[in-house]
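See below for the structure under consideration.
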Amino acid sequence: MRITTHMLNETAKRTGIPINQTSILSYINDESSSGGDTLLDALNKNKDKKVSSAMIANYKKTEKAAQSLKEHTDKLAATGDESFWEKIKESGGSDEAYAAVETYVERYNSTLSSLKKSTNVLDQYYADMLKEAASDNREQLEKIGITIGNDGKLSIDKEKLNASSVEDIQNVFTGEDGLASKTSFLADRIANNAKAGMESTSNQYNGQGSVYSQYASQFDFWS
């Protein structure tokens, strides 16, 4: 059934609703209908709000991923009698070393994925730097079964990894120019940038004057 303006007016009379003689197109373009903004303006602002909410969520995810990556690479970069590597050597096992490599790959890929979803120019720069750090150690990584894909993500050949010695794995990550120290440095910068980006976006105001930080709280339960 086609609803006409006449039908709407008759319904409005019966229900006591004021009759609006303007067309839908007029209403859309009427600034007085939405607090000084047109309906199209309001819809655009609602879209901006959703975009900003998504940005905040990704910043939070990036910060969390980068912090986890930094914590893990700090452990892998450490040397000395009480270091992760020396304790493994003392125990005579190697399963922990293999697990540490898998954790590194998982957290590296997670951080890279979050960076790629960002439109922030600095995030794109950090994504390139993260990929470059891995690329600079390509040969060492391949020796222990880690390869770099076209998208920059790492993958593991578990059979080749499990055939590697603890010393071979340690040599990839430790040292002044080792992969762990490079990754830790970048992860720290990535986390700080994500935190700054989240705070900056949260402090912006939408069309109704409410801060975006109200929307950031929606994502707390994911953490």
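One-based numbering along the sequence shown.
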- Item | Evaluation steps, side chain to side chain contact (heavy atoms under 4.5 Å, CB included), between Glu132 and Met129 | CA-CA 5 Å; Glu132 185 177 316; Met129 291 298 292; 4.2 Å; yes
- Assess whether side chain to side chain contact (heavy atoms under 4.5 Å, CB included) is satisfied between Asn120 and Tyr125, documenting all intermediate values. CA-CA 9 Å; Asn120 185 293; Tyr125 169 76; over 6 Å; no
- Query: When you look at Leu161 and Ile169, which way does the side chain to side chain contact (heavy atoms under 4.5 Å, CB included) test go after all the steps?
  - Reply: CA-CA 9 Å; Leu161 173 62; Ile169 298 172; 4.0 Å; yes
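Atom CD of Glu167 sits in a crowded spot, with more than 12 heavy atoms from other residues, nucleotides or ligands closer than 6.0 Å.
Residues Arg107 and Ser68 approach most closely at NH1-O, 2.9 Å, considering heavy atoms. The heavy-atom pair separating Leu141 from Ala134 by the smallest distance is CD1-O, 3.6 Å. The two atoms that bring Val166 and Ser94 nearest to each other are CG2-CB, 3.8 Å, heavy atoms only. Among all heavy-atom pairs drawn from Thr111 and Ala66, the shortest one is OG1-N, 3.7 Å.
For Tyr126, the ring-ring contact (aromatic ring centres under 6.0 Å, His included) criterion is met by no residue, not counting sequence neighbours. Here Asp151 pairs with Lys116, Lys153 under the side chain to side chain contact (heavy atoms under 4.5 Å, CB included) rule; sequence neighbours left out. In terms of the side chain to side chain contact (heavy atoms under 4.5 Å, CB included) criterion, residue partners of Gln140 (sequence neighbours excluded) are, by chain and number, Asn137, Val172. Residues passing the side chain to side chain contact (heavy atoms under 4.5 Å, CB included) test with Asp128, sequence neighbours excluded: Lys131.
How far CD1 of Ile56 is from OG of Ser200: 10.0 Å, rounded to the nearest 0.5 Å. Taken from CD in Glu63 to CD1 in Ile190, the straight-line distance is 12.0 Å, to the nearest 0.5 Å. Between the CD1 atom of Ile144 and the CG atom of Asp157 there is a distance of 11.0 Å, given to the nearest 0.5 Å.
In the hydrophobic clustering of ILVMFWY residues, with side-chain heavy atoms under 4.5 Å counting as a link, Met198 and Leu115 come out apart. The hydrophobic clustering, which links ILVMFWY residues whose side-chain heavy atoms are closer than 4.5 Å, places Leu112 and Leu122 together. Both Tyr108 and Tyr98 are part of a single hydrophobic cluster, where members link through side-chain heavy atoms under 4.5 Å apart.
Using a distance-only test at 3.5 Å, with no hydrogens or angles considered, a donor-acceptor pair links the side chain of Ser165 to the main chain of Asp168. Under the 3.5 Å distance criterion, the side-chain polar atoms of Asn193 are left unmatched by any main-chain donor or acceptor of Arg189. Remark: side-chain polar atoms of Thr73 are paired, donor with acceptor, to backbone N or O of Leu69 under 3.5 angstrom. Of the possible donor and acceptor atoms, none in the side chain of Tyr59 sits under 3.5 Å from a partner among the backbone N and O of Ser118. The closest donor-acceptor contact from the side chain of Lys143 to the backbone of Ser164 lies at 3.5 Å or more, if one exists at all. Proximity of a side-chain donor or acceptor of Ser110 to a complementary backbone N or O of Glu106 within less than 3.5 Å is not detected.
Among residue pairs with one or both ends in residues 178-187, those qualifying as side-chain hydrogen bond (donor to acceptor under 3.5 Å, both in side chains) are Lys70-Ser184, Asp74-Ser184, Tyr104-Thr183; sequence neighbours excluded. Sorted by first and then second residue, the salt bridge (charged side-chain N to carboxylate O under 4.0 Å, His left out) pairs involving residues 78-88 (not counting sequence neighbours) are Glu86-Lys89.
A 4.5 Å side-chain heavy-atom check between Ser114 and Asn58 finds at least one atom pair inside the cut-off. Between Leu154 and Ile148 the shortest side-chain heavy-atom distance falls below 4.5 Å. By the 4.5 Å heavy-atom criterion applied to side chains, Trp85 and Thr79 are not counted as neighbours. Between Lys117 and Lys61 there is a side-chain heavy-atom pair separated by less than 4.5 Å.
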